[in-house]
Amino acid sequence: MKRAESYYHMAADVRRDLANTLFNPDTVSNAIYELASLGQRHYRIVQEDPFDLSDTDAAHALEEWLDSEEFHYVWRPAFIEQDPFRPSIVTEYAELVIFW
């Protein structure tokens with residue numbers, strides 16, 4: 001395995017683990033319960049790292065759970081704050097917002 005390929009797999013593994021943590025149905029269910037008990041009507045899954053995780057297996061599993069529980073959700077673009085001295089090529093990534 002070449003170095004670039006091993007780095008690609010390492011990055012993919014980290015993103016998969018992050019998606020599994022963020023999109024765990026039990027964690028999301030608990031967060032929704034807490035917010036609903038405070039009178040909120042939506043929950044936005046906030047990511048610290050600007051990765052588009054909307055196409056991961058964990059995201060698809062969460063979408064299936066949300067559909068089965070009859071929640072509404074949308075993937076909205078979240079914009080990365082631009083550093084004026086080092087402009088980024090990628091300026092947005094998808095972030096999940098759940099409504100009830």
Side-chain angles (χ1 to χ4, degrees):
M1 183 182 300
K2 298 292 183 187
R3 187 175 296 182
E5 184 180 2
S6 66
Y7 288 166
Y8 174 84
H9 289 295
M10 182 177 12
D13 290 344
V14 169
R15 289 178 184 219
R16 186 191 65 242
D17 293 343
L18 178 61
N20 289 339
T21 302
L22 286 175
F23 303 132
N24 182 337
D26 293 333
T27 305
V28 171
S29 175
N30 291 336
I32 289 172
Y33 176 81
E34 288 180 26
L35 289 173
S37 68
L38 296 173
Q40 299 292 322
R41 303 261 335 249
H42 74 280
Y43 172 55
R44 182 171 65 102
I45 297 179
V46 178
Q47 298 175 209
E48 292 181 14
D49 299 311
F51 303 138
D52 184 2
L53 302 173
S54 62
D55 200 28
T56 60
D57 292 337
H60 293 303
L62 179 61
E63 287 175 344
E64 289 177 17
W65 179 82
L66 291 170
D67 288 336
S68 71
E69 296 295 322
E70 298 182 356
F71 285 101
H72 302 285
Y73 60 91
V74 64
W75 289 95
R76 288 193 175 158
F79 297 95
I80 301 171
E81 285 188 32
Q82 293 289 320
D83 181 354
F85 300 108
R86 298 182 192 163
S88 174
I89 295 171
V90 179
T91 59
E92 68 180 53
Y93 59 97
E95 204 169 60
L96 184 64
V97 182
I98 305 165
F99 306 95
W100 57 89

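- Within a 6.0 Å sphere centred on NE2 of H72, other residues, nucleotides and ligands contribute 12 heavy atoms or fewer.
- Other residues sharing a hydrophobic cluster with V46 under the 4.5 Å side-chain heavy-atom criterion for ILVMFWY residues do not exist; the residue is a singleton.
- For the atom pair CD (E95) and OG (S54), the distance works out to 11.5 Å, reported to the nearest 0.5 Å.
- In terms of the salt bridge (Lys or Arg N to Asp or Glu O under 4.0 Å) criterion, residue partners of R16 (sequence neighbours excluded) are, by chain and number, D13.
- Between D26 and N24, the shortest heavy-atom contact is N-OD1, 3.0 Å.
- Apart from L62 itself, the hydrophobic cluster it occupies contains L18, L22, F23, V28, I32, L35, Y43, I45, F51, L53, W65, L66, F71, Y73, W75, L96, I98, W100, where clustering links Ile, Leu, Val, Met, Phe, Trp and Tyr at side-chain heavy-atom distances under 4.5 Å.
- Shown here is F99, whose CZ atom has more than 12 heavy atoms of other residues, nucleotides or ligands within 6.0 Å.
- For the pair D49 and Y93, the minimum side-chain heavy-atom distance is 4.5 Å or more.
- The neighbour count for D57 CG, taken as heavy atoms of other residues, nucleotides or ligands under 6.0 Å away, does not exceed 12.
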